[in-house]
There are 2 protein chains.
Amino acid sequence: MAEPEGRFRTMVDRLREKGHRLTPQRLAILKILARSEGHPGVEAIHRQLIQDYPNISLATVYRNVILLKELGEVLELGFADDGNRYDGNNPRPHPHLICIRCRRILDPDLPDLKEASDRLANETGFEILSHRMDFFGICPSCRAKG
Amino acid sequence: MAEPEGRFRTMVDRLREKGHRLTPQRLAILKILARSEGHPGVEAIHRQLIQDYPNISLATVYRNVILLKELGEVLELGFADDGNRYDGNNPRPHPHLICIRCRRILDPDLPDLKEASDRLANETGFEILSHRMDFFGICPSCRAKG
DNA sequence: TTGGCTGCAAATATTTTGCACTGGC
DNA sequence: GCCAGTGCAAAATATTTGCAGCCAA
């Protein structure tokens, strides 16, 4: 896990560098994403924000998450069935371990996929740009609950 | 790639065994999914069906795909941004290689992830039930087009 | 000052569901 | 004949967009 403080500053710098404004709402979203505690979804981010910005809109969260995604500062974990989840703490592709009961998402340590990725590129002629590796299961806590 | 004909029969048997009826629409959907040419989405499946069943509803396609997914006879590749895609030819989890331009989806040969999966289970206490492994890139044909 | 950003509400896109009717078994 | 399955339309869910006003630079 990267230092949330460092990630926050990196994101701020990147936004400034690209000429984007630093509104209070945007900064608050950055802070949450720099931590990405539990890989929050848009709804969860919004819920946290409302404490300090009672009128903040979901649309604002969406717009900022999209912006950061385009800048490569947030990794989007898209799910078709449930809302998407975001990781601004480690925006590079990495494997995830997902509990299908409580929806908790962990970052397990696994050797990366560069080798497989390179081989695939050679064999297929694809230019491979990213990947997604999710393991689905039931976490210890949910298993205990039966 | 499994024999579409064999997959079709397996699916029919499984439905019968579970007491589901074999309507003409359902059988037509099975045939398309047994091939899963290009990993079709619901829309693509529906488009093929309309030739023989002009009044067939999208809802029917959804309902059957969901049923087969629950029976483990179809693998759903959920995408948050675009519609979901389905593989009834090989319903076990396996890696996919996806062109982000033309949305073509291939099944590359890769060593499976059982080892990594088992290790994860041991290290984290998760009961791992399935996984998803996607590589995203640009296919040779789209690269040629610039 | 001003154009990017925000809040709000309406629009999209995809998938699900209620309901009456039909047809597989 | 019964009830799962179907077609249709409406609803639900998640995300995007138009627009008027606001504020960061």
Side-chain angles (χ1 to χ4, degrees), chain A residues 11-33 39-71 73-74 76-86 103, chain B residues 11-33 39-71 73-74 76-86 103:
Chain A
M11 290 164 127
V12 167
D13 290 347
R14 169 59 64 92
L15 285 169
R16 237 198 284 270
E17 160 196 328
K18 294 285 183 178
H20 296 284
R21 293 184 182 169
L22 299 173
T23 65
Q25 294 97 326
R26 177 163 288 165
L27 290 171
I29 292 169
L30 286 193
K31 281 210 186 82
I32 292 171
L33 285 172
H39 300 73
V42 178
E43 200 64 57
I45 296 170
H46 187 246
R47 220 176 302 129
Q48 293 182 60
L49 291 166
I50 280 195
Q51 302 172 22
D52 294 314
Y53 303 88
N55 292 318
I56 196 169
S57 162
L58 253 184
T60 295
V61 181
Y62 274 108
R63 282 187 281 231
N64 276 289
V65 159
I66 291 168
L67 173 60
L68 291 163
K69 180 175 53 164
E70 285 168 353
L71 295 178
E73 295 295 330
V74 159
E76 180 181 67
L77 293 180
F79 294 100
D81 41 343
D82 197 353
N84 297 348
R85 306 281 287 265
Y86 296 91
R103 287 269 141 194
Chain B
M11 291 165 126
V12 168
D13 290 347
R14 168 61 62 93
L15 285 169
R16 236 197 285 270
E17 160 197 325
K18 295 284 183 179
H20 296 284
R21 294 180 183 172
L22 300 172
T23 65
Q25 295 96 325
R26 176 163 288 166
L27 291 171
I29 292 170
L30 286 192
K31 281 212 185 82
I32 292 171
L33 285 171
H39 301 73
V42 179
E43 200 64 57
I45 296 170
H46 187 245
R47 218 176 304 129
Q48 292 183 60
L49 290 166
I50 281 195
Q51 302 173 22
D52 294 315
Y53 303 88
N55 292 318
I56 195 169
S57 161
L58 253 184
T60 294
V61 180
Y62 274 107
R63 283 187 280 232
N64 277 288
V65 159
I66 290 168
L67 172 63
L68 290 163
K69 179 175 54 164
E70 285 168 353
L71 295 178
E73 295 296 330
V74 159
E76 181 182 68
L77 293 178
F79 294 100
D81 41 343
D82 196 354
N84 298 348
R85 307 280 287 268
Y86 297 89
R103 287 269 142 192

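Labels below follow one simple rule: chain letters A, B, ... track the order of the sequence lines, proteins then strands, and each chain is numbered from 1. Just so you know, these numbers use all the heavy atoms, side chains as well, and skip hydrogens, waters and symmetry mates. Remember, it's a predicted structure, so these values are computed and weren't measured experimentally.
In this structure, the side chain of Arg14(B) does not engage the main chain of Glu73(B) through any donor-acceptor pair within 3.5 Å. Counting only distance, with no hydrogens or angles, the side chain of Arg85(A) and the backbone of Arg103(A) share a donor-acceptor pair below 3.5 Å.
Each of Arg21(A) and Lys69(B) was assigned the nucleotide of DNA chain C with the nearest heavy atom; the assignment lying further toward the 5' end belongs to Arg21(A).
Contacts of Pro54(B) with the nucleic acid, taken as non-hydrogen atoms under 4.0 Å apart, are absent.
A donor N or O paired with an acceptor N or O is not found under 3.5 Å between the base of dG24(C) and the side-chain atoms of Arg26(B). The base of dG4(C) has none of its N or O atoms less than 3.5 Å from a complementary donor or acceptor on the side chain of Arg63(A).
Between the CG atom of Leu22(B) and the P atom of dG23(C) there is a distance of 16 Å, rounded to whole Å. Between Gln25(B) atom CD and dA4(D) atom C1' there is a gap of 12 Å when expressed in whole angstrom units. Atoms CD (Glu70(A)) and P (dT15(D)) sit 15 Å apart, rounded to a whole Å. Rounded to whole angstrom, the span from the CG atom of Asp81(A) across to the C1' atom of dA14(D) amounts to 12 Å. Nucleotide dT14(C) holds its P atom 7 Å from the OH atom of Tyr62(B), rounded to whole Å. For the pair Asp82(B) CG and dT16(D) C1', the computed distance is 15 Å after rounding to whole Å. Taking atom CG of residue Asn64(A) and atom P of nucleotide dT15(D), one finds them 15 Å apart after rounding to whole Å.
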Please determine whether side-chain contact (heavy atoms from CB on, under 4.5 Å) holds for the pair Met11(A) and Leu71(A), giving the CA-CA distance in whole Å, both sets of side-chain angles, and the decisive distance to 0.1 Å. CA-CA 9 Å; Met11(A) 290 164 127; Leu71(A) 295 178; over 6 Å; no
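In this structure, the nucleotide among dG7(D), dG7(C), dC5(C) sitting nearest to the side chain of Ile56(A) is dG7(C). Nearest nucleotide to the side chain of Ala59(B), out of dT6(D), dT17(D), dA9(D): dA9(D). Looking at the side chain of Pro24(A), the nearest of the listed nucleotides dA24(D), dA14(D), dG7(D) is dA24(D). Of all nucleotides listed (dG7(D), dG18(D), dT15(C)), dT15(C) comes nearest to the side chain of Asn84(B).
The minimum heavy-atom distance linking Phe79(B) with Asn84(B) is given by the pair N-OD1, 3.0 Å.
At a threshold of 4.5 Å between non-hydrogen side-chain atoms, the residues Leu22(A) and Arg16(A) count as touching.
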